[in-house]
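Okay, structure first, notes after.
Remember, it's 1-based here, ligands and their atoms both numbered in the order they're listed. Because only heavy atoms are used, hydrogens play no part in the values below, and waters and symmetry mates are left out as well, while side chains stay in.
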Amino acid sequence: MNPTFPTEAKVVIVGGGIVGCSLAYHLTKCGWKDVVLLEQNQLAGGTTWHAAGLVGRLRTSNSLTKINKYSAELYAGLEKETGHAVGWKQVGSLIVAQSQTRMIQLLRTAAISEWFGVEVRMISAEEAKAKWPLLRVDDVLGAAWLPQDGKVVPKEVTVALAKGAETHGAKVIEAVRVLEVEHAGHRVTGVKTSHGTVKAEYVVLAGGMWTRELGLRCGVTIPLHPVEHHYVITEPMEGAFDELPVGRDPDRCLYFRGEGNAVVLGAFQAESKPWLVDRVPDHFSFQLLEPDWEKFAEPLRNGRWRIPALQTCRFEKFVNGPESFTPDNQFIMGEAPELRNLFVAAGFNSVGIASAGGAGKYLAEWMIEGQPTMDLWSVDIRRFGRWANNREYLRARVVEILGLHYQPAWPNREFDTARGVRKSPLHDRLAAGGACFGVKNGWERPNWFARPPAQAGRGDAVRGGFAEKPDVEYSFARQNWFANHAAEHRACRERVALFDQTGFSKYIVQGRDAAKVLQRLCGNNVDVSVGKTVYTGLFNERGGFESDLTVVRTAPEEFYLISGTAQTWRDLDWIRRNTRPDENADAVDVTNAFGVVGVMGPESRMLLSRVSDADLSHDAFPFATAREISVGRGTVRAVRITYVGELGWELHVSMDQLTRVYDTLQTAGQDLGVANAGHYAINSLRLEKGYRAWGADLSPDDTPLEAGLSFAIDWNKPFIGREALSQQKTTGLKRQLVILVVQDPQPVLWGSELFYRDDKPAGYTTSGAYAHTLGGAIAMGYVNNANGVTADYLKSGRYEININGERYPARVYLRAPYDPERKRILG
Ligand SMILES: Cc1cc2nc3c(=O)[nH]c(=O)nc-3n(C[C@H](O)[C@H](O)[C@H](O)COP(=O)(O)OP(=O)(O)OC[C@H]3O[C@@H](n4cnc5c(N)ncnc54)[C@H](O)[C@@H]3O)c2cc1C
């Protein structure tokens, strides 16, 4: 595997683990033959060789499930294709539930998997035991059975992929270390290696836990950190276990499988140990860390409970392998925003074997097409900012990540570790006001507020000066903040509420060609007069939403753009990469310069007019306009806009004045009943009004026609994605977004629930909440039909939503179910 050392290639892949080899295989198969893969030691010697080899198909989203499904299918045929055995066995997998909560989660999983095309069947404890005879099941309530899952020998998969890549033209070279990524300006030019320089058009960092360091050396942010992951292998026992399914007992943080006549027992403990090395050693190849029996004592006790035969056997091997974890438990893929043609595929959070096949395929497509071929936002490298690459932060956060695999998948779960990294200047005031914070893109954001004692119901314990503690008690049903959320929701519908939305991404685009560039990027017409604001989508060539944002024209050659908190780097990158070199337009991220207070509700005009000398009447300050106004002694950019469906203004305030402006509003609004309200209220309010959320209801795979947002397209001008959209307009739609309201007032919706039209699965909810004005749970979701969807088709069906395993009738709406102008719930 050491051909003559090349000096030039179209693509250099750094790292010969399963991920790098999968990418080389797929690039060459797709026709990019001039690929060189460089491995500093030996193929698979990093993390891959010691992986347990579990290949599960089901993940939390459609895209990630597609990735894993593809991997399993690829591995199943790899031996035949390459002549190299990979040990693929489709033994199926079994997830046992010991608690009611876990049962509910499995029922939710089983329902959605039907839509994702993965077979999952709920079975009894006895059936589970029949599949894994050594199991103790007297405390098992039931299990999920996934017959298509399997296992492989990870090292052999890697070698087979490398072989396949070589057959298609790649050069796979071991014992060559990449020292630096070379670049000219903002574009890669090649790599400097221990054997000389290789010029390259593209460089891909697939270096596992070494990748962060490689990124740091070329100024690219790749936030990951190694963590210890443990499993043990028993001595040979009586029996043959190789054909047994892969078993998981998430309530006890365990997985297990047979290996010949031994049993492998692994753990995803809630709290894990980062590997505290300054630098991952270069020569750490086919090596393990010291066994840590003390840390493994709990999984061992649990394993001996679940598989009593383990009580009497000895363990022959302790695998303590380090692997890279990311701050949000999703891997990192895509083109780095800092360097053109520098791609990354790393940080696989213990699912790298199951994901490598699909990750290689979709990254190869991304490179060849110049953009992802499906929605890969959850793993997109642009979801982080530089703030996330701080080592102390990473070390604190990754402690929690490994265990997340088996913690209940609460729909609104927030991270417990490494909090408080990005705070609005209002943070301490909001905390004093009872805020329970969540985190988005590092920003601490209030989700809901504990009520002051006076508002507490009789019998509420008063803790810390509030009626309740501002902590979430997780549940798939109504959670402890239900009443607080209701109060905030109503405060906005009936009086006036203040929302801290400081985390919003904000940009200034300016220059002679600013309008021209934005007209090309935006579906809507943004070449409007100064002071006007426009809601618009940014679309890819497929017509899918790359983002949606509000554009404020602040000067003839200057625009102020506002988009979601998560999208800061993504949107900036999209704007910059779509600005041509000869165009005079600069996009600058000003997120950290401006705070945002939303003043929303029927009394918002009254409140603002008490503290501002501006004319806020409808005629003087109409909807979709913006201007600078005074608020007390502060000066703000007020944008008349709403995401909650009430009269309101977003105040964009320079950070130095944010607390002053907020205090002014609080003081002036006391007799109006001004209330702090959180993001949970924003979510339910916007759902009632039919406002879509990018990242949930809108994605790169959803077009504005499917999403019911064609009003935000100006067909009279060219823009990216227009051609695909015109074509879709002609051919008709096969899916369309609807709003669903559950008729029973009791249940709640979170998103990712399967729904049915006339008894047949028709789609899943993309977001959900409890709609307090409507008095029932509300969700959005796309109704799919291969024969096409029309308004009649959508309205005529009988809809039900699968909530925690039970079906509930739901009413379908094509428009917002609530009309705030007339304070009317639509029938
Ligand atoms: C104990 C354990 C059990 C696991 N079990 C499973 C499982 O059952 N199922 C599953 O899906 N996943 C599992 N995983 C996770 C899986 O092993 C990893 O996600 C996967 O191996 C990551 O592959 P990779 O190619 O990204 O990294 P690696 O395998 O580490 O490959 C990266 C390669 O890059 C090379 N490299 C780095 N820097 C340079 C450089 N400068 N120049 C040249 N080469 C360089 C390294 O030498 C290394 O070989 C497990 C992990 C552990 C630790």
Side-chain angles (χ1 to χ4, degrees), residues 12-24 36-56 59 67-68 71-72 75 93 149-155 157-158 161 173-181 191-195 203-215 217 224 226-233 246 248 255 257 264 266-268 272 275 279-289 318-326 331-333 344-360 402 405:
V12 168
I13 299 172
V14 185
I18 192 166
V19 173
C21 290
S22 173
L23 179 65
V36 170
L37 183 147
L38 302 174
E39 163 55 47
Q40 62 185 351
N41 299 305
Q42 261 177 279
L43 292 185
T47 296
T48 298
W49 72 279
H50 55 61
L54 281 45
V55 180
R59 300 274 339 258
I67 285 181
N68 280 30
S71 299
Y75 303 161
S93 71
D149 285 354
K151 57 182 183 178
V152 289
V153 180
K155 175 172 172 283
V157 175
T158 311
L161 288 168
I173 310 176
E174 295 179 299
V176 174
R177 194 150 79 81
V178 171
L179 306 169
E180 302 289 342
V181 172
V191 290
K192 193 159 109 201
T193 80
S194 50
H195 286 53
V203 173
V204 186
L205 304 183
M209 59 191 167
W210 289 266
T211 314
R212 175 172 179 268
E213 168 87 19
L214 281 164
R217 287 206 297 255
L224 52 83
V227 171
E228 298 185 12
H229 179 169
H230 308 141
Y231 68 79
V232 294
I233 307 177
V246 167
R248 294 185 177 87
Y255 64 87
R257 65 166 176 81
V264 174
F268 281 105
S272 48
W275 184 25
R279 262 192 87 234
V280 180
D282 298 333
H283 298 290
F284 192 85
S285 181
F286 292 104
Q287 289 182 47
L288 294 172
L289 304 176
F318 190 114
V319 174
N320 181 357
E323 213 232 315
S324 57
F325 283 76
T326 64
F331 44 87
I332 300 176
M333 246 168 78
V344 175
F348 275 81
N349 301 289
S350 264
V351 291
I353 307 305
S355 307
L402 182 108
H405 285 268

Using 0.5 Å steps for rounding, measure from the CG atom of Leu43 to the CG atom of Leu37. 7.0 Å
Mutual orientation of the aromatic rings belonging to Tyr255 and His229 [parallel < 30°, tilted 30-60°, perpendicular > 60°]: perpendicular
Residue set satisfying side chain to side chain donor-acceptor pair (under 3.5 Å) with Glu323, at least two apart, ordered chain then number -> Ser350
From CA spacing to verdict: side chain to side chain contact (heavy atoms under 4.5 Å, CB included), Leu54, Ile353: CA-CA 7 Å; Leu54 281 45; Ile353 307 305; over 6 Å; no
Out of curiosity, Glu228 CD to Leu289 CG, how far, rounded to the nearest 0.5 Å? 5.0 Å
Would you check ligand 1 and list the protein residues that come within less than 4.0 Å of it by any heavy atom, ordered by chain and number? Val14, Gly15, Gly16, Gly17, Ile18, Val19, Leu38, Glu39, Gln40, Asn41, Gly46, Thr47, Thr48, His50, Ala51, Ala52, Gly53, Leu54, Val176, Arg177, Val178, Ala206, Gly207, Gly208, Trp210, Leu214, His229, Tyr231, Gly321, Glu323, Phe348, Ser350, Val351, Gly352, Ile353, Ala354
Nearest 0.5 Å, what's the OG-CZ distance between Ser324 and Arg212? 12.0 Å
